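In what follows, a single structure is set out as structure tokens and then discussed.
In what follows, chains are A, B, ... by sequence order, proteins preceding strands, each numbered from 1. Given the structure is predicted, the values throughout are model-derived calculations rather than measurements.
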Number of protein chains: 2
Amino acid sequence: MSGTSNDSQEQLKIHADILAKFFSGLSHPIRYRIVATLAEKEMTVNEIVNELGCSQSQISNHLACLKWCGYVSSRQEGRSAYYQVTDKRILDILELAKKVVADNAEHISSCTRM
Amino acid sequence: MSGTSNDSQEQLKIHADILAKFFSGLSHPIRYRIVATLAEKEMTVNEIVNELGCSQSQISNHLACLKWCGYVSSRQEGRSAYYQVTDKRILDILELAKKVVADNAEHISSCTRM
DNA sequence: AAATTATATCATGATATTATGATATATGCA
DNA sequence: TGCATATATCATAATATCATGATATAATTT
């Protein structure tokens, strides 16, 4: 007996957790801003802190998330950590999302269930 | 005197809330599965309930989120509500994300800070 | 070595999101 | 009209996420 119900749905279910987690990487304003800012050029933690005006702790914590999810990677240079966007396609996702959102921005921001 | 600090960062800050909220639309496994399932064809709430094996309340609630954020739209037919993906570009985002994720799926799922 | 700078980590309280079960609404049918 | 079906909404308890401040680590400078 193979798959009682729906095999493709089974597959989807397995991927869904990971994909949803991936998207939750961009689901926080500060994390989104970090990625969008790093789109331009790589930066140290301190530079990001100054650029975004958030606490060092906040930035480091969110960077940790983003690194886990593969959005950014870092290289150590002296006592500074330089972060950059890992994969150019991530910026494509951001661009696409901006276009889709453009039409119903007001609608989205008024959503209370999320 | 124009913008004391960074104007582009100001702009980014404004958009970030909306974009982050947009992405949080896909940041829940059930919502992700709904969108991915509707990618194939439009469906009624009941059909989604059966397909995903979740409660009607759960599905309706998540559909409400997705509708707010413009991911899906619905049309009423008799006493059924048919839902479909609003914008084809949303599916492009899903496809892109799948590709980016493919490389570091294990990494993502082990992330504990999110 | 001691002090400084840059970053990471962690505990905890505050806040936001989610699941659940109950209930409401609206349509179609007997 | 009364009942069944399909969907939406809501209150609340459970859970997850986040901000904050404190502390740890590690490299550099004095």
Side-chain angles (χ1 to χ4, degrees), chain A residues 13 16-18 20-34 38 42-69 71-84 108-114, chain B residues 13 16-18 20-35 37-38 42-69 71-84 108-114:
Chain A
K13 196 169 179 177
D17 288 339
I18 293 171
K21 206 159 192 173
F22 176 74
F23 282 116
S24 72
L26 295 174
S27 74
H28 188 287
I30 292 179
R31 287 197 298 270
Y32 175 84
R33 285 209 285 157
I34 290 174
L38 291 178
E42 70 167 12
M43 282 178 147
T44 68
V45 178
N46 241 327
E47 286 171 337
I48 301 171
V49 167
N50 292 327
E51 180 78 7
L52 302 204
C54 301
S55 75
Q56 180 266 317
S57 173
Q58 251 181 320
I59 297 295
S60 275
N61 271 311
H62 285 305
L63 278 171
C65 285
L66 290 170
K67 199 172 179 181
W68 270 111
C69 287
Y71 282 106
V72 303
S73 28
S74 65
R75 71 185 169 81
Q76 201 71 25
E77 193 177 311
R79 45 189 161 180
S80 294
Y82 284 83
Y83 280 83
Q84 64 273 147
I108 291 172
S109 57
S110 69
C111 172
T112 58
R113 307 192 80 83
M114 206 168 50
Chain B
K13 197 170 179 178
D17 287 338
I18 293 171
K21 206 158 193 174
F22 175 75
F23 282 115
S24 72
L26 295 174
S27 74
H28 188 287
I30 293 178
R31 286 197 296 270
Y32 174 84
R33 285 209 285 157
I34 290 174
V35 175
T37 301
L38 290 180
E42 68 166 11
M43 282 179 148
T44 68
V45 177
N46 239 327
E47 287 170 339
I48 300 171
V49 167
N50 293 324
E51 180 78 8
L52 303 202
C54 300
S55 74
Q56 179 266 317
S57 172
Q58 250 182 322
I59 297 297
S60 275
N61 270 312
H62 285 304
L63 278 172
C65 285
L66 290 170
K67 200 172 177 182
W68 270 110
C69 287
Y71 282 107
V72 303
S73 27
S74 64
R75 70 186 170 81
Q76 202 70 25
E77 193 178 311
R79 44 189 163 183
S80 295
Y82 285 83
Y83 281 83
Q84 63 273 147
I108 292 173
S109 57
S110 67
C111 172
T112 57
R113 308 191 79 82
M114 207 169 50

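To the nearest angstrom, C1' of dT18(C) lies 16 Å from CG of Leu52(B). Distance, Gln58(A) CD to dT17(D) C1': 13 Å, rounded to whole Å. Note: CG (Leu66(B)) to C1' (dT18(C)) measures 14 Å, nearest angstrom.
When heavy atoms are screened at a 4.0 angstrom cut-off, Tyr83(B) is found touching the sugar-phosphate backbone but no base atom. Ser80(A) comes within 4.0 angstrom of sugar-phosphate atoms only, judged by non-hydrogen atoms across all strands, and of no base. Residue Ser55(B) is out of contact with every strand shown, counting any heavy-atom pair closer than 4.0 Å.
The ring-ring contact (aromatic ring centres under 6.0 Å, His included) test applied to Tyr32(B) returns no partner, not counting sequence neighbours. With sequence neighbours left out, the side chain to side chain donor-acceptor pair (under 3.5 Å) criterion links Ser57(A) to no other residue. Evaluation of the side chain to side chain donor-acceptor pair (under 3.5 Å) rule for Gln76(B) yields no partner, not counting sequence neighbours. Not counting sequence neighbours, Ser55(B) has no partner by the side chain to side chain donor-acceptor pair (under 3.5 Å) test. With sequence neighbours excluded, the residues satisfying side chain to side chain contact (heavy atoms under 4.5 Å, CB included) with His62(B) are His28(B), Ile30(B), Arg31(B), Ile34(B).
Between His62(A) and the phosphate of dA19(D), there is a side-chain N or O to OP1/OP2 separation shorter than 4.0 Å.
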Scan nucleotides 21-30 of chain C nucleotide by nucleotide, 5' to 3', and note B when protein non-hydrogen atoms come under 4.0 Å of the base, S if they reach only the sugar-phosphate, - if neither.
B-----BB--
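No donor-acceptor pair closer than 3.5 Å links the side chain of Ser24(A) to the backbone N or O of Ser27(A).
Closest to the side chain of Ser60(A), out of dT9(D), dA19(C), dT7(C), is dT7(C).
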